[in-house]
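The sequence lines fix the lettering, A, B, ..., with proteins before strands; numbering per chain opens at 1.
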Amino acid sequence: MTELPSSFTPSDIEGALYDAWLKAGYFTANPHSDKKPFTIVIPPPNVTGSLHIGHALDMTIQDSLIRMKRMKGFEALWLPGMDHAGIATQNVVERQLAAQGKSRHDLGREEFVKKVWEWKAESGGAILNQMKRLGASVDWTRERFTMDEGLSKAVLTIFKNLYDKGLIYRAERIINWCPRCLTALSDIEVEHQEIDGEFVQITYGDAGENQISIATTRPETMLGDGAVAVNPNDPRYRDMIGKTVRLPYVDRMIPIIADEIVDPEFGTGAVKVTAAHDPNDFEMAVRHNVPFVVIMNEEGVMAGTGTQFDGMDRFTARKAVVEQLRADGRIGWEKRPYKHSVGHCQRCSTIVEPRLSKQWFVKVAPLAQAAGDAVRNGKVKIDPVEMEPRYFDWVDNMHDWCISRQLWWGHRIPVWYGPNDEMVVVGPGESAPAGYTQDSDVLDTWFSSGLWPFSTLGWPEQTADLKKFYPTSVLVTGYDILFFWVARMMIMGLFAMDGVEPFGVIALHGLVRDKHGKKMSKSRGNTVDPLEFMDKYGSDALRFTLARGANPGTDQALAEEWVAGSRNFATKLWNASRFAMMNGAHVNGALPEPQTLNHIDQWILNRLNETITEVDSNLEAFEFQKACDAVYHFAWDDVCDWYLELTKDVFARGGAEAEATKRVLGHVFDQLLRLLHPIMPFITEALWKPLTHGESLVVAQWPVATPLHNAESVAGLVGDLQTLITEIRRFRNDQGIKTSAKIAARISGLTEGGLSAYESSVRFITKLEPATETFNPSAKVEIGRFVVEFDLTGAIDVGAERARLTKDLATIEKDKKTAEVKLNNENFMAKAPMEVVKEIRERLDFCNAEIERITALLASLPKA
RNA sequence: GUCGACGUUGCGUAAUGGUUAGCGCGUCAACUCUUACCAAGUUGGAAGUGCGGGUUCGAUUCCCGUCGUCGACCCCA
């Protein structure tokens with residue numbers, strides 16, 4: 001009945017199955033259906049990106065949820081897309097131009113942007129095809145890009161709305177400036193790194209005038225100083241407050257001011273105030289009316305100081321300034337190297353220059369308040385809850401958000417300036433008055449990706465999609481971007497959608513680390529390529545490995561061996577299904593009434609039900625590891641190792657019992673494959689179709705548990721059967737009897753134990769022949785109420801048997817002692833709960849019985 | 001600097017105030033047998049709660065300290 005090849009080759013089936021799914025339109029959501037919606041928007045990967053193992057994990061989780069919900073009858077929408085990644089993308093294209101000896105300025109803005117679109121068409125979005133390899137059941141008909149027309153309109157709309165409400169403003173501030181990318185950066189685009197710098201004491205003022213020593217790590221910025229600050233309570237400097245001191249080289253008199261923020265213990269206790277090149281100094285300058293002196297151009301080159309240092313790069317100038325100071329005897333102590341942490345551009349690692357400039361900002365306080373409240377009042381749940389403090393930490397302490405970028409690739413700020421400094425914000429469909437020119441900057445990419453959960457559904461239009469699928473059900477992402485992106489979506493979603501949250505649950509997972517729990521990085525050389533793993537072991541194996549390692553909010557380790565292990569699981573599943581089908585497993589007609597089935601069939605149905613419950617509840621709770629473990633052990637241990645082995649004897653005997661078992665076997669595999677489908681979509685589909693002749697697992701119904709009445713007694717009976725078989729196997733193993741060797745044995749106690757019907761199965765599995773007339777029992781194993789006597793005709797290894805029994809005895813005696821100590825402890829007896837005391841008493845009784853039994857067995861062994 | 005997390009067999013992890021601390025990979029041993037599975041499989045085995053103190057009848061679990069690892073945030077010029 002089946003043509004399944006004898007081994008499983010993932011690459012033979014994956015591509016074809018995915019194409020068939022697409023062709024059938026299974027992933028396309030219908031906004032007009034009566035089904036309840038279940039929506040996930042993909043955290044949009046970068047248009048320049050390619051699939052790394054973190055994406056693979058993120059997508060595996062999302063796909064598993066979506067596929068399960070789809071099977072449960074939800075109108076499931078998983079919406080894919082990408083963001084335009086302003087700086088990263090612009091850098092890629094600029095690098096290409098640089099290779100031809102050109103810069104973007106040679107092309108001009110319009111041509112350059114055209115070039116970027118061309119690049120996107122040619123090489124952007126490689127990751128989308130890689131998602132297909134993974135089996136992602138996303139709705140490709142709804143693929144979105146943050147620079148699309150619709151999403152751009154959303155950006156304009158929200159900009160205007162925020163501006164009109166006074167939540168966007170333009171101001172001159174100190175911002176993080178990258179002198180290489182020539183753009184402003186937000187706080188989160190700056191990475192702090194420890195570097196070896198210098199810390200130098202410098203004396204200001206000439207002999208005969210006021211003099212004061214400051215200390216700095218950035219000597220070159222002295223040229224832009226507007227004041228020197230001291231602590232008002234510092235006795236060393238109290239008399240100097242209010243006086244002025246001469247700043248060398250620029251020959252400017254600057255005041256000595258007093259500010260509490262100055263730490264008398266640090267450095268010299270006197271701080272230079274460079275208002276235009278340091279955020280703290282900026283604050284102080286505002287408090288004390290210190291002038292802002294800009295001493296560098298946008299490329300970080302000294303300019304406008306009127307000194308010999310003009311034209312030098314900031315780091316060259318640093319050396320030159322120190323040399324000059326030293327020559328002039330103004331240097332006191334010098335600490336070099338001086339380790340301190342300095343901000344670097346996330347994209348190009350250039351040291352960030354704090355720079356005074358006019359930028360656009362979002363006033364986040366009221367918005368962040370709402371974003372925090374949505375979680376505080378339970379509208380949005382963060383899973384796991386332990387991650388909540390991190391979220392609050394962030395949203396409750398957010399600085400205003402600098403959203404303008406001096407780039408060409410991105411959404412251009414919709415503000416136009418008139419000839420006399422007039423300013424208008426131009427919304428969608430509006431146009432600027434004649435003679436106005438548009439702001440040349442673009443918006444931060446996060447500004448548009450913050451709109452993702454609703455801009456992708458058509459907002460600001462009131463589309464059917466928006467009505468059906470917003471708010472989205474769950475957002476799945478790594479905890480590492482909880483603040484970067486999630487907080488921004490909360491802010492934007494609550495604002496744009498009148499307080500309706502963008503998602504109900506934020507399900508956070510961890511990072512994928514290497515086998516030893518170390519962070520993967522190119523410099524460490526411990527990165528892994530998900531595509532390579534898919535090639536070698538199949539997508540299902542990679543998905544299963546990732547899902548099986550995923551505990552909410554915690555990092556997971558990954559090693560190639562684990563992926564190979566999952567591949568082995570897939571192979572096992574393949575062969576077990578082949579076995580089932582070869583033996584006539586089917587799903588035709590109703591499942592027989594459980595009470596008409598043999599105990600083994602009843603037992604496996606019950607284990608199936610338990611597994612369904614476990615998998616279902618754990619998937620719903622994002623407990624992927626537990627769900628995977630449950631289905632893995634059911635499939636391998638219960639089904640393959642026990643059930644299939646036990647059916648062999650049933651099939652060999654044939655008859656009505658075998659016919660019933662074929663139906664049960666079909667049902668078990670049918671349901672097992674459904675359960676596993678969200679996590680391993682390909683192999684399950686490939687097996688399920690020939691087994692059931694159904695249309696597709698993608699649209700098959702999710703299993704529902706139907707517990708049996710006598711589950712417990714059946715479980716007890718099969719448990720006894722398993723113990724009996726295991727003990728016989730162990731005996732055979734201890735005795736060094738070959739697996740294939742058949743030996744004669746007499747089994748007693750089966751009738752009393754309720755297992756008389758299974759003697760044939762036991763003998764089949766353990767290769768025991770019935771006792772004949774010449775049977776000569778030479779060894780005995782007691783297993784509870786069962787006794788197995790073997791005819792080994794002198795072949796018994798008494799030493800091995802004695803060693804084993806002695807060891808068992810020691811273990812049980814230790815247990816007995818533990819129990820006795822407790823029971824003899826007056827405090828324990830007085831204070832421990834009754835159930836616990838009862839348990840310990842029963843334990844003691846059990847130990848005594850075991851000791852008696854083992855002792856007797858030892859005594860019965862022939863002397864060595 | 002501030003805050004946080006974590007320390008369970010060789011490695012990665014799970015659970016738990018009270019029977020015998022579970023699982024995967026690895027490892028050791030034996031086997032590969034009639035109806036599935038040899039880049040595999042079967043069977044059996046060995047091996048673990050960092051250290052010190054406290055609370056408790058009882059701590060791997062709760063508390064404190066310590067050591068170690070990792071992370072986040074911030075920054076003092």
Side-chain angles (χ1 to χ4, degrees), chain A residues 4 6-8 192 199 214-218 221 229 261-263 265-274 278 280-281 284 340-341 386 389-390 393-394 397 479-480 483 511 513-519 536 545 548-549 551 554-559 561-562 564-569 571-583 625-626 628-629 632-633 640-641 644-645 647-649 651-652 726 729-734 736-742 764 767 804 811-812 814-815 818-819 821-822 825-833 835-837 839-840 842-844 846-847:
Chain A
L4 285 182
S6 67
S7 72
F8 167 55
H192 286 265
F199 195 36
I214 55 90
T216 182
T217 56
R218 302 196 54 192
T221 62
I261 206 163
V262 181
D263 177 3
E265 305 294 317
F266 192 84
T268 62
V271 189
K272 62 199 277 305
V273 180
T274 321
D278 181 284
N280 294 315
D281 292 4
M284 229 189 306
H340 64 140
S341 156
E386 296 88 77
R390 286 177 75 128
D393 228 36
W394 175 258
N397 298 302
Y479 63 78
D480 52 325
F483 347 104
L511 273 41
R513 294 168 172 272
D514 78 2
K515 154 181 202 181
H516 299 290
K518 292 265 175 283
K519 212 168 184 166
K536 268 174 102 168
T545 310
R548 198 180 188 185
N551 278 307
T554 50
D555 291 350
Q556 60 179 282
L558 178 74
E561 302 94 277
W562 316 170
S566 299
R567 187 268 324 269
N568 293 349
F569 176 53
T571 307
K572 188 76 179 170
L573 206 64
W574 183 267
N575 282 299
S577 302
R578 272 182 73 225
F579 171 86
M581 285 183 248
M582 279 165 16
N583 282 286
Q625 182 181 59
K626 293 193 178 97
C628 289
D629 260 0
Y632 178 89
H633 288 295
C640 293
D641 288 350
L644 289 190
E645 292 305 321
T647 60
K648 286 179 181 175
D649 183 55
F651 291 139
T726 302
R729 280 169 168 166
R730 181 152 77 175
F731 176 79
R732 291 183 58 124
N733 211 58
D734 289 348
I737 298 165
K738 290 202 169 201
T739 316
S740 52
K742 297 197 173 173
F764 179 87
K767 311 249 184 322
R804 201 197 100 214
T811 309
I812 206 81
K814 202 175 140 213
D815 280 0
T818 312
V821 167
K822 284 189 178 173
N825 182 336
E826 280 173 33
N827 279 324
F828 174 77
M829 297 303 283
K831 295 189 179 172
E835 312 90 75
V836 175
V837 175
E839 276 172 25
I840 304 287
E842 283 169 3
R843 179 75 195 149
L844 183 63
F846 172 77
C847 289

Touch class at under 4.0 angstrom, heavy-atom based, for A/Ala652 against every strand present: base
Of the non-hydrogen atoms in A/Leu644 and A/Thr647, which two are nearest, and what is the gap between them? O-OG1, 2.7 Å
Assign A/Phe651 to base, sugar-phosphate, or nothing according to its heavy-atom contacts below 4.0 angstrom with the strands shown. base
Whole-angstrom distance between B/G48 and B/G41, as gauged at atom C1': 28 Å
Nearest heavy-atom contact between A/Thr274 and A/Thr221 is CG2-O, 3.5 Å
Over all strands shown, is A/Asn551 touching base, sugar-phosphate only, or nothing at heavy-atom distances under 4.0 angstrom? sugar-phosphate
Among the nucleotides B/G18, B/U42, B/C23, whichever has the atom closest to the side chain of A/Pro833 is B/G18
Round to the nearest Å and state the distance from A/Arg729 atom CZ to B/G45 atom C1'. 15 Å
Scan A/Ser341 against the nucleic acid and name what it touches under 4.0 Å (heavy atoms): base, sugar-phosphate only, or nothing. base
Euclidean distance for P, B/A47 against B/C63 (whole angstrom): 31 Å
Is B/G18 paired to anything, Watson-Crick or G-U wobble with both distances less than 3.5 Å, and if yes, which nucleotide? B/C57
Both distances below 3.5 Å, Watson-Crick or wobble geometry, any strand: find the nucleotide opposite B/G71. B/C3
A/Phe569 CZ to B/G24 C1': how many Å, rounded? 12 Å
Residue A/Leu644, side-chain heavy atoms: nucleotide from B/A36, B/U42, B/C37 that is nearest: B/A36
Looking at every strand, decide which applies to A/Gln625 at a 4.0 Å heavy-atom threshold: base, sugar-phosphate, or nothing. sugar-phosphate
Taking all non-hydrogen atoms of both residues into account, name the closest pair between A/Arg218 and A/Lys272 and its distance. O-NZ, 4.2 Å
Testing the basics here: between A/Lys767 and A/Arg732, what is the closest heavy-atom pair and its distance to 0.1 Å? O-NH1, 3.1 Å
Shortest non-hydrogen separation from A/Arg548 to A/Tyr632 and the atoms involved: NH2-CD2, 3.4 Å
For A/Asp649 and for A/Trp562, find the nucleotide of RNA chain B with the closest heavy atom, then tell me which residue's nucleotide is more 5'. A/Trp562
If I pick the P atom on B/G50 and the same atom on B/G10, what distance separates them, to the nearest angstrom? 13 Å
If the cut-off is 4.0 Å, is A/Arg843 near the phosphate of B/U20, judged by side-chain N/O to OP1 or OP2? yes
Taken to the nearest whole Å, CZ/A/Arg567 to C1'/B/G24 is 15 Å
Cation-pi geometry met for A/Lys648 and A/Phe579 (6.0 Å, 45°): yes
When the P atoms of B/G26 and B/U69 are compared, how many Å lie between them, rounded to an integer? 30 Å
Please classify the nucleic acid contact of A/Thr818 as base, sugar-phosphate, or nothing, using heavy-atom distances under 4.0 Å. nothing
Scan A/Asn568 against the nucleic acid and name what it touches under 4.0 Å (heavy atoms): base, sugar-phosphate only, or nothing. sugar-phosphate
Residue pair A/Gly565/A/Arg730 against RNA chain B: nearer the 5' end by closest nucleotide is A/Gly565
Does some side-chain heavy atom of A/Asn551 sit less than 4.5 Å from a side-chain heavy atom of A/Gln556? no
Mind calculating the distance between CG (A/Asp629) and P (B/A15) to the nearest angstrom? 11 Å
Looking for any heavy atom pair under 4.0 Å, which part of the strands does A/Arg732 touch: base, sugar-phosphate only, or nothing? nothing
Can you tell which of B/C57, B/A36, B/A15 lies closest to the side chain of A/Asn825? B/C57
Describe the nucleic acid contact of A/Glu835 in one word from base, sugar-phosphate, nothing, applying a heavy-atom distance below 4.0 Å. nothing
Just compare B/A77, B/G18, B/G24 and give me whichever is closest to any side-chain atom of A/Val262. B/A77
Any side-chain N or O of A/His192 less than 4.0 Å from the OP1 or OP2 oxygen of B/A72? no
With a 4.0 Å cut-off on heavy atoms, is A/Asp263 in touch with a base, just the backbone sugar-phosphate, or nothing at all? base
Scan A/Phe8 against the nucleic acid and name what it touches under 4.0 Å (heavy atoms): base, sugar-phosphate only, or nothing. nothing
Roughly how many Å apart are B/C62 and B/G17, using the C1' atom of each and rounding to a whole number? 8 Å
Does a side-chain N or O of A/Lys572 approach OP1 or OP2 of B/U42 to a distance below 4.0 Å, or not? yes
Using a cut-off of strictly less than 4.0 Å, decide whether A/Arg218 has a side-chain nitrogen or oxygen near OP1 or OP2 of B/A77. no
How is A/Ala830 classified with respect to the nucleic acid when contacts are heavy atoms under 4.0 Å: base, sugar-phosphate, or nothing? nothing
Please examine the side chains of A/Tyr479 and A/Thr554, heavy atoms only from C-beta on, and report whether any two atoms are closer than 4.5 Å. no
Given the C1' atoms of B/A30 and B/U20, what is the spacing between them in whole Å? 26 Å
B/C64 to B/U55 separation - P atoms, rounded to the nearest Å: 15 Å
In this structure, how many angstroms lie between the P atom of B/C25 and the CD atom of A/Gln556, rounded? 17 Å
The side chain of A/Lys767 lies closest to which of these nucleotides: B/A77, B/C37, B/U34? B/U34
If the C1' atom of B/U16 is compared with that of B/U2, how far apart are they to the nearest Å? 34 Å
